[in-house]
Amino acid sequence: MTDKKAKKLDLSITNETVFSFVKTFIAILIALAITFVVLCVVSKNPVNAFITILTGALRKTRYIGLVLERTVPYTFAGLACGLLFKAGFFNLGAEGIFVMSGLIISIVAINPITTSPILHPLIAIVCGALVGGVLMLIPAYFKAKFNANELVISLMLNSIYVAIATYVVRNYFLSQSTSLIATPTFLETATIGYIIDKYHVSIMFILMLIAVIGLQFVLKKTKFGYQVRLAGTNPNFAEYSGIDSFKLAMKTNFIAGMLAGIGSAAQILTQASNFQPSTTVTNIGFTGSLLAMLGRNNPIGILVSTFFIKYLEQGTSVLYYNDTSVPSEIIAIVQGVVVLLVSSQYFLKKFREKKLLQEGLNEHE
Amino acid sequence: MAETILKLEKITKVYGNGVVANRDVNIEFKKGEIHSIVGENGAGKSTLMKIIFGIEEPSSGTVEYKGKPANFHGSMEAIKAGIGMVHQHFMLIPSFSVVDNIILGDEPVKGLFIDKASAVKKTQELSDKYNFELNVNDLVSTLSVAKRQKVEILKTLYRDAELIILDEPTSVLTPQETQELFEQLRGFTKQGHTIIFISHKLDEVKQISDRITVLRNGVSKGTYNNDELTMAQLTNLIIDRDLENDMDEFKTHKDFGGKNALEVRNIVMKHHSKNILDDISFAVKKGEILGVAGVDGNGQVDLVKTIVGLEQVEYSGDVIINGEKVNDKTVKERRNMGMAYIPEDRMVDGISGTLPISDNMVSTYYDRDDVSKGALLDNKAISRISDELIEKFAVKAKNNAVAVGSLSGGNVQKVVVAREHNTIPNLMIAEQPTHGIDIGSAELVHHKLIELRNEGAGVLLVSADLNEVIDISDRIIVMFEGHIAGYFPDANNIDETELGMYMLGVKRQTPEEIGGALND
């Protein structure tokens with residue numbers, strides 16, 4: 001009897017999961033409405049512009065390909081941040097990891113260490129992941145050992161890493177064919193080609209899907225995921241329960257660093273021809289933290305939000321080709337409003353409470 | 001008939017999580033009376049007080065203060081209107097002086113600066129007028145708990161409170177201090193103040209109240225004159241079932257070989273050259289409950305932390321669990337040896353409020369074979385075990401997916417006790433296990449502790465609640481200022497006043513007598 005009752009899907013608004021879906025959906029509608037209002041002000045043909053933003057990405061298969069391809073590094077960044085947030089670390093180091101891993105990946109990619117087109121990128125990815133994992137341990141160590149603020153440390157490290165990468169490229173790996181601070185062009189063997197050419201689907205895309213599903217599984221079903229849940233929601237309770245918080249901090253940050261490192265490889269080896277420390281991977285790590293918030297630190301949620309944002313971005317750039325009166329930054333409005341509303345504790349709270357009130361009263365009748 | 005100062009009409013409050021805290025509550029408070037609100041935890045007392053004090057807004061219903069509608073928005077408005085509240089947990093800044101604490105938020109000013117001189121004068125006069133025996137220039141951190149409570153009360157008087165709400169004021173006091181407080185409260189009513197008194201301790205309620213309102217499940221069961229209610233009637237109104245008082249009948253007496261589940265030897269802990277723990281030695285035998293009595297803040301917290309392995313401060317001496325020295329062992333290693341721990345502050349250490357009950361039910365044994373396989377958790381088994389524990393410990397919740405934080409205090413504690421009980425311990429450290437929870441839940445917790453004892457586990461019960469210590473312990477030690485002040489080998493033959501003397505440091509036994517705590 002009770003078993004059946006528990007298994008019955010609770011689709012009422014008072015259910016936490018259903019509520020967060022509805023909340024996100026309504027937030028998106030509001031954000032789009034605001035975008036439309038802005039379009040009315042800046043564009044001569046707002047309806048057309050609005051439709052272009054929403055459907056522009058579907059107009060050519062190449063556009064769809066771009067959306068899919070760009071989703072990959074950002075999803076990895078989102079996963080890294082999401083895992084850290086979930087474990088209770090407000091560590092924004094993913095940005096710097098993208099740069100440092102990117103440096104290592106690029107060094108591997110410009111050197112003829114192997115002629116195999118499979119081994120070469122694989123070595124680059126592994127190196128990037130390891131460097132990312134190890135570097136992420138620095139803020140984690142200071143946090144776990146000395147309770148230093150990981151946000152401050154990670155932000156400082158981000159600047160330091162850009163400086164280090166710039167120094168190394170300028171002094172040891174500077175390209176002679178350009179005036180920019182950039183590495184030489186990557187070797188043919190190191191770049192990653194597409195499996196499905198039409199949609200720009202590479203092995204990195206597959207790797208991303210594996211990472212999303214894998215992380216989802218780890219968080220939901222494993223002891224490690226359980227420890228992350230406990231420590232992330234109440235570190236005192238985790239300590240009390242006998243969880244080794246130091247070890248857990250090291251593990252979580254290492255995995256997050258690896259995810260960021262792989263994300264960096266996805267950006268560099270599929271979408272760039274050389275590495276420029278101050279531009280190639282800039283802002284991916286920071287955007288990752290927004291995407292993590294948008295996806296409520298849930299791996300599948302992060303994937304969906306990333307795809308959604310990249311999809312609208314593509315629509316916006318299609319619009320920009322046709323109607324230069326609309327700034328391409330308009331997409332930032334959608335992103336900003338949605339993040340704001342989704343992460344707001346109070347948005348729609350009154351509405352939900354009213355429903356709960358009814359439910360509560362009915363139960364007590 | 002005295003005039004009505006505060007009138008609650010049809011107050012209903014539903015929280016965001018769907019919990020109905022109050023339902024159509026009607027109460028009238030008369031000027032100059034001591035009016036007690038009693039009820040189990042989760043009966044809605046705290047919520048009702050928060051509504052009066054403007055911290056919560058009622059979902060429906062009206063509050064009338066001095067004949068005028070008064071749905072306060074925020075406590076500032078309530079304070080301005082003349083309502084004061086002394087919270088269960090004191091809202092004082094320890095590093096500030098008494099006078100600074102009192103004027104905080106309502107400072108008298110002279111030009112741009114605080115008029116300290118007149119503030120000192122006014123608060124000192126107020127303190128003297130009510131016989132509080134406070135020096136208002138003392139730092140709060142140097143004051144005893146009872147004195148701090150007086151500062152809290154003084155704070156409300158300074159703001160000209162006519163109606164003072166006291167939330168569980170005696171939970172931190174010794175019997176003697178409680179009597180002193182009661183005398184002062186009676187003095188207040190003579191001067192025209194009205195007191196709302198909230199307590200779990202029925203004998204105190206009977207002693208102090210003019211009238212009593214009983215809440216059960218958020219509904220008022222009526223307001224009664226104190227003299228027309230017997231203790232038995234009152235108890236029945238509150239819990240609606242007969243209460244078993246004598247815990248001894250649940251105890252069975254088996255021989256577990258006189259072995260020690262826990263030994264503590266010569267623990268000394270210094271902090272700023274002050275001895276927080278001063279040569280503490282005792283043993284908890286298998287199959288017994290050793291009670292540690294004492295007013296809060298006499299070293300109990302550090303003692304427990306040392307035993308369970310969460311202590312940060314250096315100490316000397318040995319902690320021995322089941323014959324093995326554990327000084328260097330982690331919490332996890334100690335737990336693996338059969339230790340379980342019910343922490344003092346359940347909301348901070350004992351649960352993760354945003355996680356579902358099921359996650360909270362296994363945190364201390366999630367790696368055990370019956371709930372995990374290799375690196376994986378067995379979520380089905382966890383759900384099943386949670387359901388079983390919810391039923392066995394009568395946790396009031398819709399299902400095991402409900403967030404623990406949305407439950408009432410008593411039910412949260414049941415979750416903690418259920419989990420620790422299910423670790424199948426041979427040593428249970430129970431720290432203030434029934435603090436601030438209702439009678440029904442407390443009784444269940446006591447039964448479960450005795451059940452563990454009967455099955456051969458050693459139970460260390462650390463509690464500031466004297467009745468609890470006397471009711472369920474086999475032997476008792478009393479802590480005062482970091483040392484053991486007294487040892488009582490037979491908990492059945494002690495009277496409360498005698499114990500109170502040791503708790504207050506009036507009496508202290510010789511080292512030989514106290515030595516029995518370890519060697520008996």
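What you are looking at is a predicted structure, and each value in this text was computed from that prediction instead of being measured.
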For [X], which atoms come within 4.5 Å of any heavy atom of chain A: side chain, backbone, both, or neither?
{"X": "Ser363(B)", "value": "both"}
{"X": "Arg419(B)", "value": "side chain"}
{"X": "Glu391(B)", "value": "neither"}
{"X": "Met339(B)", "value": "neither"}
{"X": "Asn379(B)", "value": "side chain"}
{"X": "Leu310(B)", "value": "side chain"}

Winner by heavy-atom pair count (cut-off under 4.5 Å) against chain A, out of [options]:
{"options": "Ala401(B), Gly350(B), Ser352(B)", "value": "Ser352(B)"}
{"options": "Thr354(B), Val331(B), Val348(B)", "value": "Val348(B)"}
{"options": "Ala403(B), Ser372(B), Pro343(B), Ser383(B)", "value": "Pro343(B)"}
{"options": "Asn360(B), Thr364(B), Asp359(B)", "value": "Asp359(B)"}

Query raised in the report: For the residue pair Tyr226(A) and Tyr366(B), does the interplanar ring angle fall in the parallel (under 30°), tilted (30 to 60°) or perpendicular (over 60°) class?
Result: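 Because their plane-to-plane angle lies in the 30° to 60° range, the rings of Tyr226(A) and Tyr366(B) count as tilted.
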Report task. Over 60° means perpendicular and under 30° means parallel, so classify the ring planes of Phe237(A) and Tyr240(A), tilted if in between. Result ->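 Tyr240(A) vs Phe237(A) ring planes: parallel.
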**Report entry** chain B contacts, top residue of Ala238(A), Gly242(A), Ser241(A) (heavy-atom pairs, under 4.5 Å)
**Finding:**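 The option with the most such pairs is Ser241(A).
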**Report entry** Quiz item: cation-pi between Lys251(A) and Phe224(A), 6.0 Å / 45°
**Finding:**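 No.
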Query - Arg368(B) and its side-chain contact (heavy atoms from CB on, under 4.5 Å) partner, picked from Asn336(B), Asp378(B), Asn422(B), Val362(B) - result: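 That would be Asn422(B).
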Taking [X] for the side chain and [Y] for the main chain, is one N or O donor matched with an acceptor at less than 3.5 Å?
{"X": "Asn26(B)", "Y": "Lys10(B)", "result": "yes"}
{"X": "Arg296(A)", "Y": "Gly301(A)", "result": "no"}
{"X": "Glu150(A)", "Y": "Phe90(A)", "result": "yes"}

Query raised in the report: Under 3.5 Å, is there a donor-acceptor pair linking the side chains of Tyr341(B) and Glu420(B)?
Result: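 Glu420(B) and Tyr341(B) do not have a side-chain donor-acceptor pair below 3.5 Å.
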